[in-house]
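Structure, as structure tokens:
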Protein chains: 2
Amino acid sequence: MPDPSTLRALRRHGDDRLFLTGRKLREGAELMFFAYRAFTSDPDRILDEKGYGRAHHRTLHFIGRRPGISVAGLLDILGITKQSLARVLKPLVEDGLVDSVPGQKDRRQRLLTLTEEGRAFEGALSEAQRERLSRAFRAAGPEAVAGFRDVMALMIDEDARDDILSMVYDAPDAAE
Amino acid sequence: MPDPSTLRALRRHGDDRLFLTGRKLREGAELMFFAYRAFTSDPDRILDEKGYGRAHHRTLHFIGRRPGISVAGLLDILGITKQSLARVLKPLVEDGLVDSVPGQKDRRQRLLTLTEEGRAFEGALSEAQRERLSRAFRAAGPEAVAGFRDVMALMIDEDARDDILSMVYDAPDAAE
DNA sequence: AGTTTTATGTCAACGGTCCTGACATAAATC
DNA sequence: GATTTATGTCAGGACCGTTGACATAAAACT
């Protein structure tokens, strides 16, 4: 533990150990804002051309991640109402990007998968985002990425964290 | 450099050195989504009660950060059209949260500052967010926070990065 | 002095994304 | 047979962004 005079010196020089000041927190909040805006800007452009929005991207993404997911499962992940999802999902099915088939065990369910075309479009959307993330990760280095991952995970509500993280990390991982 | 068999072992065990795989990038993208959703959830609740939205929060935040900022300056930071800003800014001025005074040098400009009430409200909004950030930072530790900061900064478009970062880091910092 | 540019405000119309409330259907379950 | 569950859909509304067009006042230019 640094003694008081060391602390004062650190404060003057902005040492890493002082990372919980109001100032650092404000900087963190602003970085969240600007980074997220940049992060969503690439796919937004592609989506615009096709007349879709961010919600379509998220829907395609999580169906791609969990092929055969039910509508209820998707609602859980997205955290929206079924009416909101319907307006997004219906065009995707009609446009042939998503397949919706009744479940075999429970025929009330509609199990969702991407069509070939859906996979291709989702791939194009994610491509831009992965590009950006990849550039940032490469430039920052592995340790920074580990830190990024930790902070992001800890930002999630503690109640929901385990569920979300197990979903994020324990994936079918078909693309590798 | 690890030899091929070590690489295989690392892949199996998810070592830090492999941080640019498609899988890690997908995980990063999903963390961005879930963390940002959590990040905005707290102020959203407070704003709802007052009949405001996220846009009002951002507006109050950046006026608070740059007292005396012009409308054009604010538009630059927010990246929206003046019509969009007007719909947000007008109620804030009418409700007495923001002061709008003509510039002395250039009387066409409207220079914006938070009123006492505006500062209080903005403080309450940021409080929840700072709380969340603070918890995450404390639990993650200083090195993780440094990594988080690096990755977030590198996510921003290279053209805009310097401008944005100088705005984020070089602040009046009145609150300390 | 007169023209042009700049900073701002405002009206109208529209699109995307979310919401709540209400109702309908089919299938599973009790 | 009654109830619960999974899903779909209609109606209406809120917020937040857009574009286009026009207006005003002040600054800057020729």
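This is a predicted model, so every value here is computed, not measured. Every chain is numbered from 1, with letters handed out A, B, ... down the list of sequences.
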All heavy atoms of M32(B) vs all of Y36(A), minimum pair found to be O-CE1, 3.7 Å
Between R149(B) and Y169(B), is there a side-chain heavy-atom distance shorter than 4.5 Å?
yes
The helix from dA1(C)-dT30(D) to dC30(C)-dG1(D): angle between terminal helix axes, five bp per end, to the nearest 10 degrees, reads 20°
R110(A) meets the side chain to side chain contact (heavy atoms under 4.5 Å, CB included) criterion, sequence neighbours left out, with V71(A), S100(A), P102(A)
By side chain to side chain contact (heavy atoms under 4.5 Å, CB included), R161(A) pairs with (sequence neighbours left out) L154(A), I156(A), E158(A), L165(A)
By side chain to side chain contact (heavy atoms under 4.5 Å, CB included), D44(A) pairs with (sequence neighbours left out) T40(A), L47(A), R54(A)
Numerically ordered, the residues 71-81 of chain B set in heavy-atom contact under 4.0 Å with DNA chain D is G79(B), I80(B), T81(B)
query = Does a nitrogen or oxygen in the side chain of H56(B) sit under 4.0 Å from OP1 or OP2 of dC16(D)?
reply = yes
Can you check nucleotides 27-29 of chain D for protein contacts, nitrogen or oxygen pairs under 3.5 Å, and list what you find?
| from | atom 1 | to | atom 2 | distance (Å) |
| --- | --- | --- | --- | --- |
| dA27(D) | OP1 | R107(B) | N | 3.4 |

Do the non-hydrogen side-chain atoms of E127(B) and R130(B) ever get within less than 4.5 Å of each other? yes
Result for 5'-nearest mapping on DNA chain D, choosing between R87(A) and A55(B), is R87(A)
So salt bridge (Lys or Arg N to Asp or Glu O under 4.0 Å) across residues 112-126 of chain B, not counting sequence neighbours, yields E116(B)-R119(B)
Chain A reaches DNA chain C, atoms under 4.0 Å from its heavy atoms, from dG16(C) to dA28(C)
*Taking side chain as C-beta onward, heavy atoms only, is H56(B) less than 4.5 Å from K50(B)?*
no
Members sharing L111(A)'s hydrophobic cluster, built from side-chain contacts under 4.5 Å between Ile, Leu, Val, Met, Phe, Trp and Tyr, are V101(A)
Judged by atom type as modelled, is there a donor-acceptor pair below 3.5 Å linking the side chain of D95(B) to the main-chain atoms of L97(B)?
no
Practice item. State, with a plain yes or no, whether a side-chain heavy atom of Y52(B) is found less than 4.5 Å away from one of L92(B). Key: yes
Check your understanding: For dC16(D), does either OP1 or OP2 sit under 4.0 Å from a side-chain N or O belonging to S84(B)?
Key -> no
Contacts satisfying ring-ring contact (aromatic ring centres under 6.0 Å, His included) that involve residues 122-166 of chain B (not counting sequence neighbours) are F137(B)-F148(B)
Quick note, side chain to side chain donor-acceptor pair (under 3.5 Å) partners involving residues 70-82 of chain B, not counting sequence neighbours, are T81(B)-S84(B)
So do the side chains of I69(B) and F62(B) get within less than 4.5 Å of each other, counting heavy atoms only? no
* Would a 4.5 Å heavy-atom cut-off, applied to side chains only, mark V88(B) and I80(B) as touching? -> no
Within residues 42-54 of chain B, the residues having a heavy atom closer than 4.0 Å to DNA chain D are G51(B), G53(B), R54(B)
